[in-house]
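Read the numbers this way: they start at 1 and go in the same order the structure lists the ligands and their atoms. Predicted, not measured: the structure shown is a model, and the values here were computed from it.
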Amino acid sequence: MWFNKDEAKAGRRRHGVRTTAPASLLFLLIIIMLSTVEPSEANCSFPAIFNFGDSNSDTGGFWAAFPFQRAPFGMTFFHKPAGRASDGRLVIDFLAQALGLPFLSPYLQSIASNFSHGANFATAASTVLLPNTSLFVTGISPFSLAIQLNQMKELREKAYELNPQDNLPAKDIFDKALYTIDIGQNDFTSKVGRTGVEEFRQMLSQVVNQITWTVKELYDIGGRRFLVFNLAPIGCFPAFLTLLPHKSNDLDQYGCMVHYNNAVTYYNKLLRAALQQIRPELSNATVVYVNTHAVKLKLFRRPQKHGLVYGTKACCGSGAGAYNYDPLVFCGNSKEINGMNVTATACSDPQNYVSWDGIHATEAANKVIASAVLRGAYFDPPFHLSQLCELNPIG
Ligand SMILES: *[C@@H]1O[C@H](CO)[C@@H](O)[C@H](O)[C@H]1NC(C)=O
Ligand SMILES: *[C@@H]1O[C@H](CO)[C@@H](O)[C@H](O)[C@H]1NC(C)=O
Ligand SMILES: *[C@@H]1O[C@H](CO)[C@@H](O)[C@H](O)[C@H]1NC(C)=O
Ligand SMILES: *[C@@H]1O[C@H](CO)[C@@H](O)[C@H](O)[C@H]1NC(C)=O
Ligand SMILES: *[C@@H]1O[C@H](CO)[C@@H](O)[C@H](O)[C@H]1NC(C)=O
């Protein structure tokens, strides 16, 4: 979906333009960035976060591997593309800030990364199951969950093998760290419209089994605290409302597709039950199912209740239809269509939107989700994060 040669070339051209900006301006920008990103010290029993996932929690891994992310990504908080599929911070960024930790460095980012407080193995378009290689060109990442797990093991090996270095985690961090897993959306969406019901259900059980297997593997290398996020109501996403076949009578009163949302609910039940099942095997571990689905559904259904305005309409798009989503012109891209130059630009008020680009959430939505999670209401079983840490307020 994002990966083609023209974009790579365009990315290089943009780079050339950026470096001609006055040095003093760049310097000022760096100072501003540093001052906003500086974490405040908090008393917290989590010295690190290790995250596994897809674009919903990628802090720059995919774009480190394929460097050509464009404006307007990052416009709200970073004021430039920052490797995140959003206008600003992701839920994982808010979580790190609340725990008094710096933003997570992507494991694939070789420039200026610091893993002493954790690492982010998530990359956009990642799947839980091994991807079908013929899909790489159409937007599936090669960095599936099993590969992310291997990268984690490699990082840990290096931390043990090398003398203490100030950009690697300390050896005693692995059993104290928080392990977060937020993945599965791409397995779901790449198959949901394409296979029969039975085949689809089978695939979903495989996805869930692979996630619980990953938790056990992480447990075996010392992991003890796990947050596993469930899947979002993709039947409300502007992109899938545009792309996935459905009848108008399959829409609920909020304009979301009932059929696909029910399939997500089915998957989430499987995940919850599977986590319940492995808990007894993992003594002294905390394995928490995080129901962000519930918060996201509320946001799409009644955005006004949470200080937002638009639910099923994307902020960044080319102006096509009620959903402002055109698969031919993704956010930040331009394309000639019928002799017209069509560009997908951002709205001027992303703070009013749940959906940034039709698939991913805005910073405003992520802030609502992170606040709700940090309040503790969406953990199953209850997980007293605010007792384990003096949480920094979300700002
Ligand atoms: C952390 O906790 C210790 C002991 O409870 C306390 O003395 C210290 O002030 C706390 N530090 C911060 C930054 O809150
Ligand atoms: C992989 O994807 C291609 C193209 O969509 C498809 O023809 C093929 O059957 C898939 N293979 C498997 C094993 O799913
Ligand atoms: C990495 O971060 C830690 C903690 O914030 C800091 O002490 C260390 O100096 C940093 N390392 C580098 C190479 O910047
Ligand atoms: C249980 O885990 C905690 C950290 O989560 C650790 O401090 C404690 O020593 C562990 N207890 C046992 C019996 O392994
Ligand atoms: C189309 O519009 C965009 C944004 O205004 C511009 O960057 C791009 O060069 C234009 N492309 C063509 C072929 O005119």
For [atom], the protein heavy atom that lies nearest, with its residue and separation:
| atom | result |
| --- | --- |
| atom 9 (O) of ligand 3 | Asp166 OD2, 3.7 Å |
| atom 14 (O) of ligand 3 | Asn114 ND2, 3.6 Å |
| atom 3 (C) of ligand 3 | Ser116 OG, 3.3 Å |

Between Glu157 and Lys153, is there a side-chain N and carboxylate O pair less than 4.0 Å apart? no
Under 4.0 Å from one or more heavy atoms of His117, ligand 3 contributes atoms 4 (C), 5 (O)
With respect to Asn167, determine whether any N or O atom, backbone or side chain, lies less than 3.5 Å from an N or O atom of ligand 3. no
Point-to-point distance, once rounded to the nearest 0.5 Å, from NZ of Lys367 to CG of Asp93: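 Going from the NZ atom of Lys367 to the CG atom of Asp93 covers 12.5 Å.
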Mind checking the CZ-CE spacing from Phe77 to Met75? Nearest 0.5 Å is all I need. 14.5 Å
Is there less than 2.5 Å between the SG of Cys316 and that of Cys347? no
Looking at atom 7 (O) of ligand 3, is any protein heavy atom nearer than 4.0 Å to it? no
Do His259 and Asn262 meet the criterion of a side-chain donor-acceptor pair at a distance under 3.5 Å?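 No, Asn262 and His259 have no side-chain donor paired with an acceptor closer than 3.5 Å.
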